[in-house]
Number of protein chains: 2
Amino acid sequence: MSSEKIKELFKSRGIKNTQQRQLIYDFLSKKNQPITAEEIYMVFSKKEKTRMNLSTVYRILDTFTKKGLVQKSGINIEGKSTYEINHMDHRHHMVCVKCNKILPIKGCPLDGYESYLGESTGFKIIEHHLEIKGICPDCQRK
Amino acid sequence: MSSEKIKELFKSRGIKNTQQRQLIYDFLSKKNQPITAEEIYMVFSKKEKTRMNLSTVYRILDTFTKKGLVQKSGINIEGKSTYEINHMDHRHHMVCVKCNKILPIKGCPLDGYESYLGESTGFKIIEHHLEIKGICPDCQRK
DNA sequence: AACGCACATGCAAACTATTTGCATTTGCGT
DNA sequence: ACGCAAATGCAAATAGTTTGCATGTGCGTT
């Protein structure tokens, strides 16, 4: 997505277009998996041109989350929260317990189940998070 | 479960039987839902007889988790981790986003799906956590 | 194109959950 | 009952995240 497109997206959601927000949004939209605030911070703090504060990263992630651009993923890596672009297509991941690699899985196994559950319990279901842990093929070989 | 039974359980897992561990295990086994370390602490710190330190609570939960007696639930309440007895029958919960009430749901919608996923991706699946958020019937009325 | 204001960022400090070091206490096998 | 290894209490350290405040920047208006 071009920076012009991102700018429009921000505008449509009432988000002021700043350099830091552009950088983070662009990065997240290319990164196809949940990532921690600190990892994002590390990526940008290395280059003079993109340097930004960790609290800025947190604030931007918070803004994006409130505006629906980003989701706080259910996956926590060593006590740290992770975030990902809010794919409009609902998505889950598998995490490798050895190397912390994360990969998205296709489809949602809860499709259909939610409405059943809502009807049988009276709960009005809003969302769900599913986290699957295992050992990836690479780590199994070792 | 009687305190004698709990003692035996501890012994079988190589866990020394202390008063604090008895209290926490007994409490968790009666509490049918995930709870934070601090909530546990609050329960006991009120009575002289059962008073214990917060760090002890954390340490005990950690021990229990390592020995498989307790599970760290995927549910976080306001940034705090929650724990629950490791029901051998695999279990999930729904959380009310209004009142934070947690209630267990029957059965696991991922039965069967896991093996399919493992086969199709090469991941060796170890476990999963599912968190369902919604609004409970009580809060819907308000 | 410059101006001004509301909002965003940087920085440091505050907060909160959780962990850890160490002195003391307790459980349990002998 | 004794003694040692392990558990607990307490206080301080960590680590992730949030916040207050001074400064900087984007954007609508002139």
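Numbers restart at 1 for each chain; the letters A, B, ... are given by sequence-line order, proteins then strands. Just so it is clear, the values below take in all heavy atoms, side chains as well, and ignore hydrogens, waters and symmetry mates. Computed from a predicted model, the values in this text were never measured in an experiment.
- Checking the phosphate oxygens (OP1, OP2) of C:dG27, no side-chain nitrogen or oxygen of B:Thr18 falls inside 4.0 Å.
- Considering only side-chain atoms of A:Asn17, the nucleotide from D:dC27, D:dG9, C:dT9 that sits closest is D:dC27.
- At the phosphate of C:dG29, OP1 or OP2 sits under 4.0 Å from a side-chain N or O atom of B:Lys11.
- For B:Arg59 against D:dG9, a side-chain-to-base donor-acceptor contact under 3.5 Å is present.
- Listed for the B:Glu39 side chain is a donor-acceptor partner under 3.5 Å among the backbone atoms of B:Thr36.
- For the pair A:Ser81 and D:dT17, the criterion of a side-chain N or O lying under 4.0 Å from OP1 or OP2 is met.
- OP1 and OP2 of D:dT25 both lie 4.0 Å or more from every side-chain N or O belonging to A:Gln20.
- Note: B:Tyr25 and B:Phe10 have perpendicular aromatic rings, judged against thresholds of 30 and 60 degrees for the angle between ring planes.
- B:His128 and B:His92 are linked by a side-chain donor-acceptor pair at a separation below 3.5 angstrom, with hydrogens and angles left out of the test.
- Side-chain N/O atoms of B:Lys80 include one lying less than 4.0 angstrom from OP1 or OP2 on C:dA17.
- Comparing the helix axis at one end of the helix from C:dA1-D:dT30 to C:dT30-D:dA1 with that at the other, each defined from 5 consecutive pairs, gives an inter-axis angle of 30° (nearest 10°).
- Taking CD of A:Gln19 as the reference point, atom CE of A:Met52 lies at 7.5 Å (rounded to 0.5 Å).
- One interatomic measurement links the two molecules: CZ of A:Phe44 to C1' of C:dT9, which rounds to 15 Å at whole-angstrom precision.
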